[in-house]
Amino acid sequence: RLAIPVPIAELFVTVGANVQGAIAGLNSVSTAVNRAASGLKSAGSGLTAGLTAPIVGGAAAFTLIGANAEHAFTQVRKTVDLGEQDLKEFHDSLLALSTTEAGGGKSFEDLSAVAAIAGQLGIEGKDNLLEFTRVSSQMSVATGIAADKIGEDMAVIIKLSGTAADKFENVGSTIVDLGNKMGGTESDILGNARRIVGTLATAGVSIQDTLGIASAMAELQIPEEAGG
């Protein structure tokens, strides 16, 4: 049973999508929404399944921080609202993340770029920023999408949906799972979700249902531009 306040077809209208042919695909919509709802209950293994020992070995090469990397963290300073002590701790946490499997083998420079985007788009607090950066980096490994692109889309989705930090990984795992099991790609799901999340959140639609709708739009090949 779909836990949404309005019929599925009306949701497509709400986000401005062309619903021609959508009714015939409602089974796919239902499947996507139910899968998303299930995925949000607990953080799955979708993000970590692709992280292997070679990635950890490669990440160790990033322990030496060069001028370009420190310049990247300068951008973090400009976008996040942290005091000097918190900034230092966040810097050190990003550096540590860049040397572990949890960082997805991303360099300190790459992680800083994601963190800077997160700060610019409204993710607040050093712990939340670190968790967001970790999840975005692991999603990048799992999907092959650039970490900064994922960070940009995820920050908008999380901010507009009001998703708490302890659910960041659940959202990421759900998107990866939908991309693997349904007919749309993770890139399309992210793009659709980014465009429709504001409208649907205002209408009282949960993040899991929003992700399901975004996945269904991708599977039914409803253009991203038609949403939101």
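Nothing here was measured: the structure is a model prediction, and the numbers come from that model.
Put simply, CD1 on Ile189 and CE on Met217 are 11.5 Å apart, with the number rounded to the nearest 0.5 Å. Here the OG-CG distance, from Ser137 to Leu94, works out to 9.0 Å after rounding to the nearest 0.5 Å. For the atom pair OG1 (Thr133) and CE (Met154), the distance works out to 11.0 Å, reported to the nearest 0.5 Å.
Judged purely by distance below 3.5 Å, without hydrogens or angles, the side chains of Asp177 and Thr174 never pair a donor atom with an acceptor atom. A donor-acceptor pair shorter than 3.5 Å can be found between the side chains of Ser140 and Lys106.
The pair Glu131-Arg134 meets the salt-bridge criterion, with a side-chain N (NZ, NE, NH1 or NH2) lying under 4.0 Å from an Asp/Glu carboxylate O.
The closest side-chain heavy-atom distance from Asp153 to Lys149 is below 4.5 Å. In this structure, the side chains of Phe90 and Asp127 stay at 4.5 Å or more apart for every pair of heavy atoms. The side-chain heavy atoms of Leu190 and Ile175, taken from C-beta on, include a pair separated by under 4.5 Å.
The two residues Thr202 and Gly198 come nearest to each other via the heavy atoms OG1-O, 2.9 Å.
No chain of hydrophobic side-chain contacts below 4.5 Å, direct or via other Ile, Leu, Val, Met, Phe, Trp or Tyr residues, connects Ile213 to Val197. Hydrophobic clustering (ILVMFWY, side-chain heavy atoms < 4.5 Å, transitive): Ile145 and Met182 are in one cluster. Two different hydrophobic clusters hold Val141 and Ile117 under the rule that ILVMFWY side chains link at heavy-atom gaps under 4.5 Å. One hydrophobic cluster, built from ILVMFWY side chains closer than 4.5 Å, holds both Val76 and Leu82.
With hydrogens and angles ignored, the 3.5 Å screen pairs no side-chain donor or acceptor of Arg77 with any backbone N or O of Phe73. Side-chain atoms of Ser161 come within 3.5 Å of backbone N or O of Ile157 as a donor-acceptor pair.
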